Amino acid sequence: MASSICILDALKHFRLSAVNEGGKMLNSSLLMPENTAARRAVSLNGLWGFRLDPEGKGESEAWQRKIPKADTIPVPASFNDFYTDKESRDYCGDFWYETDFHLPREWQGRKVTVRFGSAGQTSVVYLNGREITRHEGAFLPFEADITDCALYGADNHLALRLNNELCESRMPVGSTITLPDGRKFAKPGFDFFNYAGIQRNVYLTARPLEHIYDYETVSSIEGEDAEIQYRVKTMGDSEVSVSLFDPEGILVAESRGKEGVLRVRNARLWEVGNAFLYQIVIRILDKQCQLLDEYKDWIGIRTIEVKEGKILLNGSPVYLRGFGRHEDADIIGRGLSLAVQKRDFELMKWIGANCFRTSHYPYAEEIYRLADAYGILVIDEAPAVGCFPNLMGTSVKDNDETPFFGRAAAEDLKAHHLQVLEEMITRDKNHPSVFCWSLLNEPDSIHKESVPYFREVFEFARKLDPQKRPETFAMLANSLPESSTCDDFCDIICLNRYYGWYLLGGSEIIIAEKMLKEELKGWEKKAPGKPLVFTEYGADTASQVDKLPSVMWSESYQEEFLQMYHDAFDESPNVVGELIWNLCDFQTGEGITRMDGNKKGIFTRQRQPKRAAFTLRERWKSLPLDYKGGKAHDAGAGRTE
Ligand code: EVA
């Protein structure tokens with residue numbers, strides 16, 4: 001595995017990219033629904049019918065036609081936190097949603113779909129009582145193509161049978177047990193609540209039969225100018241035109257053909273905290289130059305490289321500061337709330353963050369649009385979490401000594417992993433904010449059985465990404481320089497570390513500090529040319545609990561803990577990123593290490609600051625953007641955000 005990847009490699013591999021080769025496992029276009037001159041996207045969000053189906057009898061009793069005694073529930077949202085009884089909150093098994101919509105007669109002859117931002121864990125979609133499509137995975141979009149079975153100029157009934165059970169061969173990984181009273185109960189192999197429901201936007205969409213299916217871009221910078229190589233996939237052979245507009249709507253470049261180059265004079269680059277976006281307009285034209293289809297999106301011109309231990313954005317080093325996050329809030333659970341998201345981005349801006357990781361699953365696509373607009377870098381993470389037995393802080397405990405990726409379920413898991421990677425990279429590849437793929441969180445990466453699994457997954461992802469972004473995974477505490485078998489696959493070494501919390505907390509933190517510094521020296525020796533980024537470090541902290549002198553869980557201890565890490569980072573030339581766990585407190589399952597959830601937030605779940613937020617803000621605002629930039633590129637020296 002090369003330790004340095006660059007834009008030249010990206011251009012060289014351009015022909016092997018997603019649009020050209022991928023799509024094998026995709027049953028539909030993953031472009032975000034848009035209203036344009038040739039397309040319609042009508043929101044189906046609102047109040048839907050809902051019912052739990054613990055006996056799994058819905059299908060045999062024809063709930064797909066009409067759910068009897070349906071409750072009324074909002075979409076999008078998780079269902080769990082609406083109810084006042086534990087059985088509903090912790091429900092595991094089948095559950096149903098339904099709604100009705102009218103389809104205009106004029107839509108006949110077009111491709112018509114119902115498009116879910118996500119639903120799951122498994123979804124079966126029915127239209128007018130008939131099964132239309134199935135999808136696996138709860139964090140990526142899919143479409144139900146209803147072109148041929150919908151009633152035009154009439155009302156249609158849409159139903160979904162979802163299931164939120166967890167197992168070892170699907171992601172996120174967990175297990176499902178049956179309680180003595182016969183109820184199923186999910187045991188996540190991960191530390192976040194297993195929220196479920198229709199948690200993202202639902203659209204009814206119409207587009208021409210000959211439509212734009214996907215597109216991709218790769219930019220390169222030549223002095224003041226830039227070139228954007230593009231490729232468009234359409235369902236037909238008609239002429240394609242591509243235009244690029246600046247935010248004032250002035251045309252800055254155009255080209256014809258399904259492949260081509262947009263040449264931009266005096267290009268404005270997408271920079272951290274200074275996000276300049278261009279609008280790309282893709283059209284299909286018939287022989288008379290009449291418009292057949294049109295798709296619009298916002299893209300940025302930027303390059304990403306990892307070179308000599310630095311992360312280079314547009315050729316200049318960037319020191320990452322920010323958070324691991326969750327899609328999580330009071331009442332709505334994992335449901336998309338643009339209002340909560342807006343607040344989170346304002347918090348990140350206020351505190352001086354420039355990066356977050358979509359721990360531990362791909363987020364709603366609207367969130368990447370916000371990151372593009374705020375100029376915040378994103379490490380986009382697959383839902384590959386729980387790939388390790390006996391995890392501390394979670395409920396999975398098994399006695400199987402077999403290395404995780406040597407188990408019988410690993411082959412099935414891998415097939416699912418490749419599917420979600422294809423969906424994630426296809427969906428997110430055009431976002432300028434996305435600069436790195438995290439292919440797993442805290443997997444078993446200390447056994448030889450992990451190596452072939454990792455090799456396949458990393459190679460697969462690299463082939464799919466036209467921009468050849470850096471790849472990584474977030475390493476569990478036991479993956480040390482001397483024990484890790486898989487760090488070679490990473491372009492950036494990402495560490496999740498809890499010295500001073502799970503290990504040697506309180507007064508013993510001085511021993512923890514020594515261990516942390518020793519580990520850093522170990523990585524500097526083992527992988528001298530690779531950037532080190534801390535993707536997690538944090539201490540549970542009860543807001544407004546304090547003590548002099550500090551104790552674990554107090555606000556002072558959180559500050560001391562962070563200070564200890566920051567001192568170590570400042571001493572290590574190879575550490576080029578600090579992403580704290582977590583932006584906000586978040587909900588988890590119940591357990592003796594969790595007091596109504598995980599409290600490692602720098603902000604509370606209600607998005608208000610703990611004391612550490614203010615000290616962190618001072619640090620992050622004072623660090624130059626190219627902190628530790630060294631000699632990788634002189635142009636960036638001294639820049640601040
Ligand atoms: C924690 N530690 O214990 C976190 C988890 C996170 O929430 C981890 O990656 O190692 C996990 O999901 O607070």
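FYI, the numbering just counts along the sequence from 1. Each ligand, and each atom within it, is numbered from 1 in the order the structure gives. On a predicted model such as this, the values are computed, not experimentally measured, just so you know.
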Before accepting this row, confirm whether a basic side-chain N of the pair Glu381/Arg357 lies closer than 4.0 Å to the acidic partner's carboxylate O.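 So Glu381 pairs with Arg357 through a salt bridge.
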Indicate yes or no: does Arg183 engage Asp90 in a salt bridge with an N to O separation below 4.0 Å.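 No salt bridge links Arg183 with Asp90.
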Hey, is Trp501 one of the residues with a heavy atom under 4.0 angstrom from ligand 1? no
Close approach of Trp581 to ligand 1, heavy atoms, under 4.0 angstrom: yes
Short list, please: which atoms of ligand 1 are under 4.0 Å from a heavy atom of [X]?
X      : value
Asn441 : 9 (O)
Phe586 : 7 (O)
Asn496 : 9 (O)
Tyr502 : 1 (C), 3 (O), 13 (O)
Arg594 : 1 (C), 3 (O), 13 (O)

Measure Asn598 to ligand 1 on non-hydrogen atoms and call it side chain, backbone, both or neither using the 4.0 Å cut-off. side chain
Which of the listed options, His360, Met475, Arg357, holds the heavy atom that is closest to atom 6 (C) of ligand 1?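 The option holding the nearest heavy atom is His360.
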Atom CD of Gln606 with >12 non-hydrogen neighbours under 6.0 angstrom: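 Counting other residues, nucleotides and ligands, CD of Gln606 exceeds 12 neighbours.
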Do Phe356 and Phe323 have ring centroids that are under 6.0 Å from one another?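 No - the distance between ring centres of Phe323 and Phe356 does not fall below the 6.0 Å cut-off.
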Proximity of His417 and Tyr453 rings by center, below 6.0 Å: yes
Kindly indicate, with the supporting measurements, whether the criterion side-chain hydrogen bond (donor to acceptor under 3.5 Å, both in side chains) is fulfilled by Asn201 and Glu366. CA-CA 10 Å; Asn201 291 327; Glu366 292 81 355; 2.7 Å; yes
With side-chain hydrogen bond (donor to acceptor under 3.5 Å, both in side chains) as the criterion, how do Asn496 and Thr535 come out once you've worked through the C-alpha distance, each side chain's angles and the decisive distance to 0.1 Å? CA-CA 5 Å; Asn496 291 358; Thr535 32; 2.7 Å; yes
